[in-house]
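Worksheet for the structure shown next.
In this text, all values refer to a predicted model and were calculated from it rather than measured experimentally. Just so you know, ligand 1 is whichever comes first in the structure, and atom 1 is the first atom listed for that ligand.
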Amino acid sequence: MKQEILKTEGDVNLSEERVIWQEKNCKNKETQRLLEADSKVFLHQAMSSPCLDVLGACSDATIENIHGKKYLDFHGNNVHQVGFSNPYITAQIKKQLEDLSFSTRRFTNKTAINFAEKLVGLLPNDLNRVLFAPGGTSVVSMALKLARVVTGKHKVISYWDSFHGASLDAISAGGEAVFRQHMGPMMPGVIRIPPPMQKGGFFEDEMKSADYLEYVIEKEGEIGAFIAETVRNTDVQIPSKKYWQRIREICTKHGVLLILDEIPIALGRTGKLFAFENFDIEPDIICLGKGLGGGIIPFAAMVCKEEYNVAQDISLGHFTHEKSPLGCAAAHAVIDFIESENLLQKVNEDAKWMKETLDNLRKRHVLIGDIRGVGLLWGIELTNPITQKPATAEAEKIMYNCLELGLSFKVSQGNVLQLSPALTISRNELQQAIEIVEKAFLMLGNE
Ligand SMILES: Cc1ncc(COP(=O)(O)O)c(C=O)c1O
């Protein structure tokens with residue numbers, strides 16, 4: 001099959017820039033041997049094998065290759081809210097490992113009950129029924145199934161360009177066409193609407209996107225759920241409070257369940273424990289994952305309203321690692337750590353610094369078309385100042401320049417540098433990272 005290089009959710013691993021970077025930066029024999037071994041044994045797929053470098057260690061805001069080169073990790077697959085190898089989290093996991101390492105179906109365990117109670121205690125009053133799963137995609141799958149059971153309607157609305165996981169049902173519901181390519185028939189009944197963007201979107205006004213949602217609900221009928229990320233993680237799209245409140249109103253009016261996918265952005269990333277708290281709205285179902293396992297254990301959760309406890313005779317998520325004691329110990333430790341370290345306050349202070357620093361960076365580089373962010377989730381959108389087109393080639397070059405200088409991040413939609421460090425990152429490291437970004441911009445002029 002012809003390999004097409006497509007700009008997707010992340011950077012592609014087949015580009016010329018990748019080859020050039022590796023020739024320059026991965027000369028070491030051991031690294032080359034391992035990269036070849038990886039490429040030989042793993043099934044190749046987009047954004048994975050063949051890989052870029054070989055890791056030997058990770059700690060707090062940093063990952064390190066097998067030869068001691070450190071990268072500040074501003075990507076971290078969004079599992080690193082509390083930093084990599086957080087000693088408190090690892091200690092709690094080790095403790096749990098010694099007590100109860102697995103919970104067989106049909107039995108429950110104290111760690112799972114305690115964490116479920118803790119989690120619902122942090123959410124609004126009526127969000128108090130929980131199901132755990134080993135990953136975010138599985139949680140999205142459960143939420144879609146639950147919405148069908150509760151409403152008796154199978155149709156679902158999502159945004160174009162959204163990502164909700166990589167399984168067949170999740171790519172059916174998601175909006176990134178590239179994930180559906182060559183995949184044949186999808187789950188029926190998905191309707192996609194243009195996402196609300198405050199700048200450069202399909203509608204010149206984000207409220208028009210809300211009106212369009214209501215229009216589709218009324219015209220199409222039989223809509224059971226609307227699934228969306230509260231803040232889009234990939235290219236950092238942050239709707240207004242007014243927008244989200246209108247969406248909440250529309251969903252309530254039409255009996256459509258509002259499923260908020262906060263898998264990458266909950267747990268402090270936006271400066272609040274849950275992103276929806278920024279908008280004074282409440283979802284009907286919330287999906288959590290990624291950093292919930294402390295960056296160590298694959299662990300995710302769906303929380304929904306008490307009144308949706310109506311699927312006793314159906315397996316919504318028949319997962320082997322459901323009430324995982326290790327996952328629950330990790331997740332409980334994550335929440336304890338966020339609370340005891342006052343992490344949300346730190347993130348909000350960092351957010352002010354990031355805004356000011358990136359706004360200044362923008363003044364020095366005409367290629368920067370937009371800066372947007374919340375908490376420790378920031379996007380630098382690159383636009384050609386003459387053509388006003390996305391500066392995709394430059395974005396890729398800047399990313400590889402940054403990697404050379406010791407900073408890793410993701411490029412989204414081809415031209416958005418997405419910056420999401422560990423929330424525990426020091427101000428010094430943040431400063432260092434922005435200096436690297438600036439150097440990478442300056443290197444462009446010399447290429
Ligand atoms: C918004 C969103 N939803 C769902 C998922 C799927 O999570 P997982 O990779 O744990 O299955 C992701 C993963 O990147 C995501 O970003």
**Request:** Answer yes when Glu381 and Arg372 have at least one side-chain N-carboxylate O distance shorter than 4.0 Å, and no when they do not.
**Result:** yes

**Item:** Closest heavy-atom pair and its distance - Lys323, Thr108
**Value:** CD-OG1, 3.8 Å

**Asked** Does any donor atom in the side chain of Ser162 or Glu229 lie under 3.5 Å from an acceptor atom in the other side chain?
**Response** no

**Test of proximity, Ser138 against ligand 1: N or O pairs below 3.5 Å** = no

**Asked** Is Ala300 near ligand 1, meaning one of its heavy atoms is under 4.0 Å from it?
**Response** no

**Message:** Whether Arg129 and Glu306 form a salt bridge (side-chain N of Lys/Arg under 4.0 Å from carboxylate O of Asp/Glu) is what I want to check.
**Reply:** yes

**Message:** Is Asp261 close enough to touch ligand 1? Criterion: a residue heavy atom under 4.0 Å from a ligand atom.
**Reply:** yes

**Message:** Show the atoms of ligand 1 that are less than 4.0 angstrom away from any heavy atom in Glu229.
**Reply:** 1 (C)

**Fill in**
For Thr137, the ligand 1 atoms with a heavy-atom partner under 4.0 Å come out as 6 (C), 7 (O), 8 (P), 11 (O)

**Request:** Report yes if some N/O of Ile263 lies less than 3.5 Å from some N/O of ligand 1; otherwise report no.
**Result:** no

**Prompt:** Hey, would you say the Phe132 and His321 ring centroids sit under 6.0 Å apart?
**Reply:** no

